[in-house]
*Asks:* 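Take a look at this one; I'll ask things after.
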Amino acid sequence: MRRVLLVAAGITVLSCAPRNPSSTPTPARPPAPPPPPGAPPPSAQQGIRLGPSALRYVLHQVIHIDQEFQGMRQPLDFGLRAFFAVTITGPADTIGYPTTITIDSITPDSGTSAPMGINLAAAKALSFMGHLTPRGEFRNQSASDSVAAQSLSPVVGSFKNFFPRLPPGGALLGAAWTDTSTENDRAAGSVTVTSVNRAHAAAWEDRNGTRALRVEVASDFTIKGSGQQAGQPFEVAGNGVRSGVDFVTADGRYAGGESHDSTSMTITLPIQAMTIPRTQVSKTTVTVLP
């Protein structure tokens with residue numbers, strides 16, 4: 001699944017004037033947490049499911065966008081880090097485990113800035129409350145500050161796709177499964193992203209001193225919708241591919257992962273009868289903090 005806070009940024013970073021390319025950010029590797037006590041692997045018939053935990057994460061995303069406007073190439077590179085805490089409490093009710101995600105801060109990489117001049121300081125202490133199902137669906141979210149959440153929605157989203165998706169009976173070593181997800185992103189209008197995700201529980205590995213199941217994911221997705229930016233209507237259509245890995249410990253803690261996206265799309269401006277081709281690549285890394 002997509003580990004993306006920048007749910008809408010790929011669509012809403014839209015400018016109708018030439019821009020100078022910013023310097024390309026160089027990702028920095030967050031410090032590795034100290035090894036926690038190891039958990040024994042589950043039995044051969046015990047499927048892994050997500051469960052209660054209290055962890056802190058950093059999500060680092062680097063995006064490169066290349067588009068052409070009026071014959072001029074417009075490259076853009078930027079990177080953001082989001083620091084946040086996730087508290088999942090048990091027991092689960094009929095909806096899932098009560099879950100709270102609280103953002104500590106979102107900071108741009110050196111040499112880059114937030115897209116569209118968004119005030120990242122508004123993310124401080126912003127919380128999303130909802131329920132997490134054992135298979136990884138974060139449902140029924142509500143924000144502690146709806147105004148701040150709306151203003152930050154192009155870079156924050158709702159964490160709907162933060163957790164890995166697991167099969168209903170839990171993930172067993174060697175198992176493979178497919179799921180389809182549809183998300184309507186309303187940060188800039190009504191844009192639907194439909195993903196077909198193929199996952200494989202590939203191996204048990206050491207993840208920062210703890211045994212974790214490595215889940216490999218390959219996805220194909222489509223983007224289609226319309227909206228307005230700065231009072232200007234637009235339509236967007238495209239498709240892309242994604243590959244990544246996620247790690248889940250034997251006791252149901254999400255131990256981070258990494259994904260790579262490649263997207264091709266066209267943005268149409270009906271009033272100007274103009275179509276802007278765009279390609280976008282991104283890398284997202286999720287790391288557990290000490």
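Position 1 is the first residue of the sequence, and the numbers go up from there. As a basis for the values below, the full set of heavy atoms in this structure was taken, side chains included, without hydrogen atoms, waters or symmetry mates.
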*Asks:* Does any pair with a residue in residues 132-151 pass ring-ring contact (aromatic ring centres under 6.0 Å, His included), and if so which ones, sequence neighbours excluded?
*Replies:*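 Not a single pair qualifies under ring-ring contact (aromatic ring centres under 6.0 Å, His included).
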
*Asks:* Centre-to-centre under 6.0 Å for Phe128 and Phe84, is that the case here?
*Replies:*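 No; Phe84 has its ring centre 6.0 Å or more from that of Phe128.
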
*Asks:* Between Thr284 and Gln61, does any side-chain donor sit less than 3.5 Å from a side-chain acceptor?
*Replies:*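 Gln61 and Thr284 do have a side-chain donor-acceptor pair below 3.5 Å.
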
*Asks:* Run the salt bridge (Lys or Arg N to Asp or Glu O under 4.0 Å) test against Asp206 and tell me which residues pass, sequence neighbours left out.
*Replies:* none

*Asks:* Only counting residues at least two apart or in another chain, list the ones meeting ring-ring contact (aromatic ring centres under 6.0 Å, His included) with Phe247.
*Replies:*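 Residues passing ring-ring contact (aromatic ring centres under 6.0 Å, His included) with Phe247: none at all.
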
*Asks:* Among residues at least two apart in sequence or on other chains, which ones pass side chain to side chain donor-acceptor pair (under 3.5 Å) with Thr275?
*Replies:*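 If we apply the side chain to side chain donor-acceptor pair (under 3.5 Å) test to Thr275, skipping adjacent residues, there are no hits.
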
*Asks:* Name all residues meeting the side chain to side chain contact (heavy atoms under 4.5 Å, CB included) criterion together with Thr100; count only those two or more places apart in sequence or in a different chain, and write none if there are none.
*Replies:* Thr102, Ser127, Met129

*Asks:* Distance alone, cut at 3.5 Å: any donor-acceptor contact between the side chains of Asp261 and Gln280?
*Replies:*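 No - no donor-acceptor pair under 3.5 Å links their side chains.
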
*Asks:* Under 4.0 Å between a side-chain nitrogen and a carboxylate oxygen: does that hold for Arg73 and Asp66?
*Replies:*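 Result for this pair is yes, salt bridge flagged.
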
*Asks:* Got a sec, which residues hit side chain to side chain donor-acceptor pair (under 3.5 Å) with Lys224, two or more places apart in sequence or on another chain?
*Replies:*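 None.
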
*Asks:* Taking only residues two or more places apart in sequence, or in another chain, which ones meet His260 in a side chain to side chain donor-acceptor pair (under 3.5 Å)?
*Replies:*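 Once residues adjacent in sequence are excluded, the partners of His260 under the side chain to side chain donor-acceptor pair (under 3.5 Å) criterion are Glu258.
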
*Asks:* How would you list, by chain and number, every residue that makes a side chain to side chain contact (heavy atoms under 4.5 Å, CB included) with Ser146, sequence neighbours excluded?
*Replies:* none

*Asks:* Should Phe234 and Met274 be counted in the same cluster of Ile, Leu, Val, Met, Phe, Trp and Tyr side chains packed under 4.5 Å apart?
*Replies:* yes

*Asks:* Taking atom types as modelled, find out whether Ser219 and Asn197 have a side-chain donor-acceptor pair closer than 3.5 angstrom.
*Replies:* yes

*Asks:* Evaluate the side-chain proximity of Ile223 to Thr263: yes if any heavy-atom separation is below 4.5 Å, no if none is.
*Replies:*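 Thr263 vs Ile223: side chains touch.
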
*Asks:* Please check if the distance between the ring centroids of Phe83 and Tyr57 is under 6.0 Å.
*Replies:* no

*Asks:* If a pair satisfies side chain to side chain donor-acceptor pair (under 3.5 Å) and one of its residues is in residues 128-138, list it, with sequence neighbours excluded.
*Replies:* Asp93-His131, Glu137-Arg139

*Asks:* Can you name the ring-ring contact (aromatic ring centres under 6.0 Å, His included) partners of Tyr97, sequence neighbours left out?
*Replies:*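 Once residues adjacent in sequence are excluded, Tyr97 has no partner under the ring-ring contact (aromatic ring centres under 6.0 Å, His included) criterion.
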
*Asks:* Checking Thr89 side chain against Pro98 main chain: does a donor-acceptor pair fall under 3.5 Å?
*Replies:*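 Judged by distance alone, yes, a pair lies under 3.5 Å.
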
*Asks:* Which residues pass the side chain to side chain donor-acceptor pair (under 3.5 Å) test with Arg198, not counting sequence neighbours?
*Replies:*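 Counting only residues at least two positions away or on another chain, Arg198 forms a side chain to side chain donor-acceptor pair (under 3.5 Å) with Asp220.
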
*Asks:* Looking at residues at least two apart in the chain, or sitting in another chain, which of them share a salt bridge (Lys or Arg N to Asp or Glu O under 4.0 Å) with Glu205?
*Replies:*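 Expected list: Arg214.
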
